[in-house]
Amino acid sequence: MHGTQPVNPIAPLRTSLVRAALALIVIACGLSLRWYSFPLGLPAFVVKYGGSLLWATMVFLLVGVLLPRLTRTQLAAIAMVIAVVVEFSRLAHVPWLDAFRLTTAGALLLGRIFSLWNLVAYAVGIAFGVWIDQLATTRGLVGWAKRSAPTTSRWWARR
């Protein structure tokens, strides 16, 4: 039985939870950018490519949620493959896929118009995802759950 059990089976779960939380924050930022940026007067360039950047960051983080044991380099490579496939899928026009792209979910998940510039935004977004994942690890966000919870002893008795 030696060697069959992981050394720390909780670590991948903890990493996945932190990445999921980061992904939710990125999703909130992306939706806010799409919905509130034009009323705030942000340029269309910032809205379009900022959204693409955040979408790729989200993809990187979600791949990390699903595959927590892979290195960041491996996660980045998988996320970039997904981004390239999604971008080039915009060149395929079949009725059911075009109908889905016309929905809000389809526009947010798959986009509508092919652009090679999106690939640049995706690469920057994945690099940003690697950076915030590294930051979460080095700053202790992944280790927050390792810290012991306060004891049940009376805190006022320790004064």
Side-chain angles (χ1 to χ4, degrees), residues 6 8-146:
N8 187 357
I10 303 301
L13 175 61
R14 187 178 302 122
T15 300
S16 290
L17 290 174
V18 170
R19 286 176 176 158
L22 290 171
L24 288 174
I25 293 167
V26 168
I27 290 167
C29 290
L31 292 174
S32 296
L33 181 68
R34 291 286 184 190
W35 290 333
Y36 302 118
S37 56
F38 285 125
L40 293 174
L42 292 177
F45 173 84
V46 172
V47 178
K48 176 163 180 25
Y49 295 110
S52 296
L53 183 147
L54 291 170
W55 180 87
T57 303
M58 175 202 67
V59 169
F60 170 81
L61 292 168
L62 292 179
V63 169
V65 167
L66 296 175
L67 304 168
R69 294 186 189 275
L70 295 184
T71 66
R72 287 184 189 92
T73 304
Q74 292 169 321
L75 297 174
I78 292 168
M80 196 63 202
V81 167
I82 291 169
V84 168
V85 167
V86 167
E87 188 64 30
F88 278 94
S89 77
R90 294 177 188 166
L91 297 174
H93 294 285
V94 292
W96 65 269
L97 191 54
D98 286 340
F100 179 66
R101 285 187 185 120
L102 291 175
T103 66
T104 300
L108 291 172
L109 293 173
L110 299 179
R112 293 186 180 140
I113 299 170
F114 175 81
S115 170
L116 287 175
W117 288 109
N118 278 341
L119 296 177
V120 175
Y122 296 154
V124 172
I126 291 168
F128 178 66
V130 169
W131 180 71
I132 63 173
D133 188 61
Q134 176 73 33
L135 189 66
T137 302
T138 58
R139 298 289 181 181
L141 293 178
V142 171
W144 69 270
K146 287 190 228 179

J.: Taking the side chain as every heavy atom from C-beta outward, state whether Ile78 and Leu70 have any pair of such atoms under 4.5 Å apart.
T.: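 A side-chain contact exists here, since the closest heavy-atom pair is under 4.5 Å.
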J.: Between Arg90 (side chain) and Leu110 (backbone), is there a donor-acceptor pair under 3.5 Å?
T.: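 Yes; judged by distance alone, with no hydrogens or angles, the pair exists.
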J.: Kindly state each residue pair satisfying ring-ring contact (aromatic ring centres under 6.0 Å, His included) with at least one member in residues 52-98, sequence neighbours excluded.
T.: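 Non-adjacent pairs meeting ring-ring contact (aromatic ring centres under 6.0 Å, His included): Trp55-Tyr122, Phe88-Phe114.
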J.: For a quick check under 3.5 Å, do Gln134 and Thr137 share a side-chain donor-acceptor pair by atom type?
T.: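 No donor-acceptor contact under 3.5 Å links the two side chains.
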J.: Might you confirm whether atom CZ of Phe100 has over 12 heavy atoms from other residues, nucleotides or ligands at distances under 6.0 Å?
T.: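 Yes - once you tally the heavy atoms of other residues, nucleotides and ligands closer than 6.0 Å, there are more than 12.
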J.: Could you tell me the separation between the CZ atom of Arg34 and the CG atom of Leu31, rounded to the nearest 0.5 Å?
T.: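 The CG atom of Leu31 is 9.5 Å from CZ of Arg34, to the nearest 0.5 Å.
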J.: Answer yes or no: is there a side-chain heavy-atom contact under 4.5 Å between Thr57 and Ile126?
T.: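 In short, these two side chains do not touch, never coming nearer than 4.5 Å.
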J.: If you measure from CD1 on Ile82 to CG on Leu62, what distance do you get to the nearest 0.5 Å?
T.: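 So the gap between those two atoms works out to 9.0 Å.
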J.: When the side chains of residues 17-29 are checked against the rest of the protein, which donor-acceptor pairs come out under 3.5 Å, sequence neighbours left out?
T.:
residue, atom, partner, partner atom, Å
Arg19, NE, Asp133, OD1, 2.8
Arg19, NH1, Gly64, O, 3.2
Arg19, NH2, Asp133, OD2, 2.9

J.: Keeping the roles fixed (side chain from Glu87, backbone from Leu119), state whether a donor-acceptor pair exists under 3.5 Å.
T.: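 No, the answer is negative, given that no donor and acceptor are paired below the 3.5 Å cut-off.
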J.: Could you state the interatomic distance from CG (Leu66) to OG (Ser16), rounded to the nearest 0.5 Å?
T.: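 These two atoms lie 7.5 Å from each other.
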J.: Indicate every side-chain donor-acceptor pair of residues 40-53 with a distance under 3.5 Å to a residue at least two apart or in another chain.
T.:
residue, atom, partner, partner atom, Å
Lys48, NZ, Asn118, OD1, 3.3
Ser52, OG, Lys48, O, 3.2
Ser52, OG, Asn118, OD1, 3.1

J.: Look up atom CG in Leu75 and atom CG in Leu61, then write down how far apart they are to the nearest 0.5 Å.
T.: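 Nearest 0.5 Å value for the CG-CG distance: 9.0 Å.
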